[in-house]
2 protein chains.
Amino acid sequence: MNLSIAEENYIKSIYKLEEEGQDAVTTNALAGELDTKPASVTDMAKKLKEKKLIAYEKYQGINLTPEGKKAALSIIRRHRLWECFLVDKLSFSWEEVHELAEELEHVRSEKLTNRLSEFLGNPQIDPHGDPIPDAQGKLGKPRVQTPLHKAKAKRLEVVAVSDKSTALLEFLNAKGIRLGTQLDVIERYEFDNSIELKIRNQPAFTISEQVSKNIMVKPI
Amino acid sequence: MNLSIAEENYIKSIYKLEEEGQDAVTTNALAGELDTKPASVTDMAKKLKEKKLIAYEKYQGINLTPEGKKAALSIIRRHRLWECFLVDKLSFSWEEVHELAEELEHVRSEKLTNRLSEFLGNPQIDPHGDPIPDAQGKLGKPRVQTPLHKAKAKRLEVVAVSDKSTALLEFLNAKGIRLGTQLDVIERYEFDNSIELKIRNQPAFTISEQVSKNIMVKPI
DNA sequence: AATAAAGTTTAGGTAAATCTAAATAAAAGG
DNA sequence: CCTTTTATTTAGATTTACCTAAACTTTATT
């Protein structure tokens, strides 16, 4: 199956939204994710249905077929491997790599992908903590992790960040929050669900619910 | 200046044809190089003229402006650095990398390009022996080299291959001819300008003028 | 220099991926 | 259950990068 870049981006976003729990991905949600208009999504849905990559009926939302899911995992594999490359080999920081990987992922060559993986030591997780599908499209199960705003323990370790927007990643970087960082929860404020945190010896600071929703943690 | 992939490919091809000696690049030559139709070239020429990347007057052919040349060198830099990466780090062979680099080169990020260069040890030449423009777009002058069919010395070293078609590169690979290979000229046959060669201890073999024209050598 | 041949441009059209505006369907609220 | 709001789709345009066929220049040949 030969996909255009636009088609690949749709497949990737549908996969993402399915993962986030929606049973069928809505036209509007997909338009929001791809920063496009609902009408454009409807057009593309027809095309992807034609290619048997999604199940789609008018007004009924979108789901990936097994074939579509395979395509999604292949794209995600390339994306995450390039992120590893940029961070491990070219010393990019955490928050810079998403946009670049978004471009590099569209070079579809299995040989390149597999050699890149080998070169990187066949990494299992990318710099944001997300698992990397293997060459067969098998995805190591996402590790036990909770969004920070739901975590119960007082002492936590950051294992992933679910929103990859540069704005958030820059914010986290500025606060010193990265993969593996240990956080101590000082206080939870009910009125706005903000959380007061402390890292090691640094002064405490507060983050909004918006932010804590996107920080995945595990208890230590 | 933000260029589309198509525009970048035109700029690159114009640069290549200018280098190959044509004073002004003709519509037909460019169509041939890009495997497209002359009418399409005319369309694009108007657009690139608008963007001040080429000088173009109806029926008078095309030349890069200084700005266009700068753009070309930037693309070529990315292309050749990725070729180095593929060969040096991912163990691709000589003839496989051109097509892949053709895709990777369109990721335009100066930061990525410069970090990649650094990671590779700021190489001066790519795996085919062509010089790599530096970050300022300065191109080390192409080294002293002659096409094999014009070389006079008996013992020669391969320094570059001018035709990058997979077919030729595969042929050379099969014969054991690569960058740095030492060749001994056994005999030159006038009737068809073929050349009998020998590499180290291997049995001698003959190559056509077609091939020898595209192998650049220097005397040892 | 006239004409044939080759090269180039124009005109008009197509496919992909987008958009806006209008129409239609589904969901939510009273 | 009827109506309003929200979500989705359709219809019709637009842009980019192509194409073919016809018209027009330039160059080469007699």
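Each chain gets a letter, A, B and so on, in the order its sequence line appears, and its residues count up from 1. Everything numeric here is computed off the predicted structure, so don't read it as measured data.
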Which side chain to side chain donor-acceptor pair (under 3.5 Å) pairs, counting each pair once, include a residue from residues 116-127 of chain B, with sequence neighbours left out?
-> B:S117-B:N122
What side-chain donor-acceptor pairs closer than 3.5 Å can you find for residues 29-45 of chain A, not counting sequence neighbours?
{"residue": "A:E33", "atom": "OE2", "partner": "A:K16", "partner atom": "NZ", "Å": "3.2"}
{"residue": "A:T42", "atom": "OG1", "partner": "A:P38", "partner atom": "O", "Å": "3.3"}

Please determine if a side-chain N or O atom of B:N28 lies less than 4.0 Å away from the OP1 or OP2 oxygen of C:dT8.
-> yes
Partner set under ring-ring contact (aromatic ring centres under 6.0 Å, His included) for A:H98, not counting sequence neighbours | A:H79
Counterpart residues, side-chain contact (heavy atoms from CB on, under 4.5 Å), relative to B:D134 (two or more places apart) | B:Q136, B:K138
Under the side-chain contact (heavy atoms from CB on, under 4.5 Å) rule, collect the residues that match up with A:K150, sequence neighbours excluded.
-> A:T146, A:P147
Distance-only criterion, 3.5 Å: show the donor-acceptor pairs between side-chain atoms of residues 64-74 of chain A and protein atoms not counting sequence neighbours.
{"residue": "A:T65", "atom": "OG1", "partner": "A:K52", "partner atom": "O", "Å": "2.8"}
{"residue": "A:T65", "atom": "OG1", "partner": "A:L53", "partner atom": "O", "Å": "3.1"}
{"residue": "A:T65", "atom": "OG1", "partner": "A:E67", "partner atom": "N", "Å": "3.4"}
{"residue": "A:T65", "atom": "OG1", "partner": "A:G68", "partner atom": "N", "Å": "3.0"}

Report, as a single string ordered 5' to 3', how protein heavy atoms within less than 4.0 Å touch nucleotides 9-21 of chain D: B base, S sugar-phosphate only, - not at all.
-> BB-----SSBBB-
Contacting residues from residues 99-107 of chain B, given that a heavy atom lies under 4.0 angstrom of DNA chain D | none
Cationic tip of A:K89 within the cone over A:F119's six-membered ring, i.e. under 6.0 Å and within 45° of the normal?
-> yes
Partner residues of A:S93 under the side chain to side chain donor-acceptor pair (under 3.5 Å) criterion, sequence neighbours left out | A:E95, A:E96
